[in-house]
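This report concerns only the one structure given below.
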Amino acid sequence: MSEDYSYFQDKEFLSSLAAYERMRSNGEPIELEPEMLTDIAEYYAMNQRMDEADRCIEYAISFYPDSVDPQIFLARQQMFYGNQEEAWRICNAITDQSDREVIFLQSELYMYFNESQKAFDLMLENYKKADEEDAPEFLYDCICQCKDYGFGDKAMEWVNMLRNDYPDYIDAIALQAEIHNYRREYRQTITLLTENIELMPYCIHAWLQLAEAYMWLEEYDEAMEASEYALAIDSDNAEAIFMHANILLDTEHLDEAHEYYTRFLRYFPYDERANYFDAECLFDNKQYEEAIARYERLLSLPGYAMKGYALSYIAYCHAQLGHDEQALHYRQQAEKERTNNLHELFPDLYSAEDYRNTLLNNLPSPEDSTNELPF
């Protein structure tokens with residue numbers, strides 16, 4: 001899981017979030033640092049509440065116009081919009097260009113806009129200049145950024161360098177396991193962690209990487225045991241709850257899986273993956289009314305790409321519940337989408353040939369494409 005869910009469950013963060021929301025609702029005065037306000041904006045963005053994220057960062061900028069964190073948020077926002085020039089303009093306008101987070105912003109912009117070697121050079125240069133006390137954490141974060149942007153080979157190269165340069169930096173072991181999992185080297189994850197788990201028996205990150213490796217290898221008893229260890233360390237850890245739910249779903253323990261997805265969604269109600277998997281769980285368990293609610297939640301998420309499939313499933317659920325008018329309505333809505341799975345759910349009404357023809361009819365025309373043909 002790429003998101004840092006655990007931070008947003010921290011009591012200090014939740015207390016600050018509650019204070020900010022009281023201020024928004026009734027004008028109660030608050031004093032929050034710009035870093036915390038930026039974290040609140042990040043939380044809203046992660047939960048698909050972009051209008052609230054924008055309001056929060058505007059509030060932070062109005063009180064702290066020269067603060068680094070809100071400026072970084074704005075630069076990354078422009079980056080995700082594809083506005084390279086504006087993202088760099090905001091980045092370069094930050095007063096302290098040597099700030100650690102500004103360096104990571106610069107490297108992220110290089111990666112995002114396809115100049116990865118500049119990012120690697122910048123990171124390595126600053127790692128070599130870092131104080132002995134700060135260097136391992138700095139390189140750790142560099143490795144995470146490389147992995148997040150798909151540079152698995154570079155991440156593995158540097159995690160080996162981190163372990164060689166700082167053999168007592170135990171956190172690097174779980175990070176290496178995460179990179180092995182990213183590279184689908186699940187046996188290597190298991191070997192690495194089982195040989196070293198006694199060095200970090202209370203490291204949730206390590207137990208979750210072990211659970212993930214076992215799950216992908218379909219060794220579910222071992223996966224379940226590893227996720228249970230993580231939950232024993234912290235029963236409210238969102239990543240552990242989500243992992244446990246996924247294992248339960250894979251092993252068709254649908255009622256229990258739904259229970260754990262529900263727990264996760266109390267913290268992060270708009271998480272796309274959790275809503276999708278819980279919808280799948282409810283659908284497979286023939287809990288059609290509850291499944292409809294989950295699919296409708298997915299449809300409400302900005303930019304959700306699988307609308308045709310969600311509409312198809314909603315139509316099927318209504319059909320199973322005897323809601324003929326609603327089923328017809330959602331089938332017609334699904335038909336309008338570029339892709340759907342009506343042919344699988346309603347084989348008597350839609351043939352696979354119809355589906356193939358729909359796909360062909362929805363292919364972009366040469367006039368609509370800005371890309372040159374590869375031949």
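Along the sequence shown, residues carry numbers from 1.
Test F242, F264, Y267 against Y5 for ring-ring contact (aromatic ring centres under 6.0 Å, His included) and you get one pass: F264. The only option from Y313, Y276, Y304, Y288 that meets the ring-ring contact (aromatic ring centres under 6.0 Å, His included) definition with Y295 turns out to be Y313.
Around atom NZ of K154, more than 12 heavy atoms belonging to other residues, nucleotides or ligands sit under 6.0 Å away. The number of heavy atoms from other shown groups lying within 6.0 Å of CD (Q97) is above 12. Within 6.0 Å of OH in Y229 there are 12 or fewer heavy atoms belonging to other residues, nucleotides or ligands.
Side-chain contact between R331 and N340 is absent, with no heavy atoms from C-beta onward closer than 4.5 Å. Under the 4.5 Å side-chain criterion, counting only non-hydrogen atoms from C-beta, M161 is in contact with L124. Between L109 and Q84, the closest side-chain pair of non-hydrogen atoms is not below 4.5 Å. For the pair V102/V68, a side-chain contact is recorded, criterion being any heavy-atom separation below 4.5 Å from C-beta on. Using a 4.5 Å heavy-atom threshold, the side chains of E239 and I204 count as separate. Proximity of P34 to F63: side-chain heavy atoms (C-beta onward) are nowhere separated by under 4.5 Å. Considering only heavy atoms from C-beta on, N196 stays 4.5 Å or farther from I170 through its side chain. Looking at E86 and Y81, their side chains never come closer than 4.5 Å, going by heavy atoms from C-beta outward.
The shortest heavy-atom contact between A41 and A53 is O-CB, 3.4 Å. Closest approach of L192 and A177 over heavy atoms only: CD2-N, 3.6 Å. Nearest heavy atoms, N181 versus A213: OD1-CB, 3.5 Å. Annotation for W207 and P201: closest pair NE1-O, 2.9 Å, computed over non-hydrogen atoms. Considering all non-hydrogen atoms of both residues, A87 and M79 come closest at CB-N, 3.9 Å. Here the closest heavy-atom approach between residue M224 and residue I247 is recorded as CE-CG2, 3.7 Å.
Between H318 and Y330, the two ring planes are parallel [angle under 30°; tilted spans 30° to 60°]. Between Y350 and F346, the two ring planes are perpendicular [angle over 60°; tilted spans 30° to 60°]. Classified by interplanar angle (parallel below 30°, tilted 30° to 60°, perpendicular above 60°), the ring pair F8/F268 is perpendicular.
Taking a cutoff of 4.0 Å between a charged side-chain nitrogen and a carboxylate oxygen, R187 and E219 qualify as a salt bridge. Between R55 and E58, none of the side-chain N atoms (NZ, or NE/NH1/NH2) sits under 4.0 Å from a carboxylate O, so this pair counts as no salt bridge.
Checking side-chain atoms of T191 against main-chain N and O of Q188 turns up no donor-acceptor pair under 3.5 Å. A distance-only check finds no donor-acceptor pair linking the side chain of N164 to the backbone of N160 [under 3.5 Å]. A donor-acceptor pair under 3.5 Å links the side-chain atoms of H253 to the main chain of T251, judged by distance alone. In terms of modelled atom types and a separation under 3.5 Å, the side chain of N26 and the main chain of E28 share a donor-acceptor contact. At least one donor-acceptor pair closer than 3.5 Å links the side chain of R297 to the backbone N or O of P269. Distance alone, capped at 3.5 Å, is enough to place a donor-acceptor pair between the D271 side chain and the A274 backbone.
With sequence neighbours left out, Q117 forms a side chain to side chain donor-acceptor pair (under 3.5 Å) with D121. With sequence neighbours left out, Y270 forms a ring pair (Phe, Tyr, Trp, His ring centres under 6.0 Å) with no residue at all.
Note that CD1 of I241 is 9.0 Å distant from CZ of R266, once rounded to the nearest 0.5 Å. Rounded to the nearest 0.5 angstrom, R263 CZ and H244 NE2 are separated by 8.5 Å. Atoms CD and CZ, from E85 and F113 in turn, are 10.5 Å apart once rounded to the nearest 0.5 Å. L282 contributes atom CG, which lies 10.0 Å from atom CG of N275 (distance to the nearest 0.5 angstrom). Here CD of Q333 is found 10.5 Å from NZ of K307. Values are rounded to the nearest 0.5 Å. Here the NE2-CG distance, from H329 to L311, works out to 8.0 Å after rounding to the nearest 0.5 Å.
Residues I30 and Y44 share a single hydrophobic cluster, defined by chaining ILVMFWY side chains whose heavy atoms lie under 4.5 Å apart. Note on L298: it does not cluster hydrophobically with M50, by side-chain heavy-atom contacts below 4.5 Å among ILVMFWY residues. Cluster membership check: L249 shares its hydrophobic cluster with L217, using side-chain heavy-atom separations under 4.5 Å among Ile, Leu, Val, Met, Phe, Trp and Tyr. Under a hydrophobic-cluster definition in which Ile, Leu, Val, Met, Phe, Trp and Tyr are linked whenever side-chain heavy atoms come within less than 4.5 Å, directly or via other members, I197 and L175 are assigned to different clusters. Under the 4.5 Å side-chain heavy-atom criterion for ILVMFWY residues, no single connected hydrophobic cluster contains both Y182 and I143.
For Y149 and E108, the side-chain atoms include at least one donor-acceptor pair closer than 3.5 Å. Using modelled atom types and a 3.5 Å distance limit, the side chains of D54 and Q77 yield a donor-acceptor pair. T189 and H180 share no side-chain donor-acceptor pair at under 3.5 Å. Residues R294 and Y261 bring no donor and acceptor atom of their side chains to less than 3.5 Å of each other.
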task = List the steps, then state whether side-chain contact (heavy atoms from CB on, under 4.5 Å) holds for W158 with L162.
result = CA-CA 6 Å; W158 281 2; L162 175 57; over 6 Å; no

query = Which is it for E280 and D284 under the side-chain contact (heavy atoms from CB on, under 4.5 Å) test, yes or no, and what are the steps along the way?
reply = CA-CA 6 Å; E280 180 183 337; D284 290 346; 3.8 Å; yes

inquiry  = If you apply the rule side-chain contact (heavy atoms from CB on, under 4.5 Å), what do you find for Q320 with K286, and how did you get there?
reply    = CA-CA 9 Å; Q320 294 302 305; K286 297 181 169 55; over 6 Å; no

task = Could you give me the CA-CA distance, side-chain angles and deciding distance for M111 and C146, then say whether side-chain contact (heavy atoms from CB on, under 4.5 Å) is met?
result = CA-CA 9 Å; M111 288 182 177; C146 288; 3.8 Å; yes

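When hydrophobic residues (I, L, V, M, F, W, Y) are linked wherever their side-chain heavy atoms come within less than 4.5 Å, the members clustered with L74 are I57, I61, F73, I90.
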Indicate every side-chain donor-acceptor pair of residues 130-142 with a distance under 3.5 Å to a residue at least two apart or in another chain.
residue	atom	partner	partner atom	Å
D141	OD2	R100	NH1	3.3
D141	OD2	R100	NH2	2.3

Kindly list each side-chain donor-acceptor pair under 3.5 angstrom involving residues 9-16, sequence neighbours excluded, with atom names and distances?
residue	atom	partner	partner atom	Å
Q9	OE1	A238	N	2.8
Q9	NE2	D236	O	2.5
D10	OD2	E12	N	2.9
D10	OD2	F13	N	3.3
S16	OG	E12	O	3.1

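Residue pairs meeting the side chain to side chain donor-acceptor pair (under 3.5 Å) criterion with at least one partner in residues 60-73, sequence neighbours excluded, are absent.
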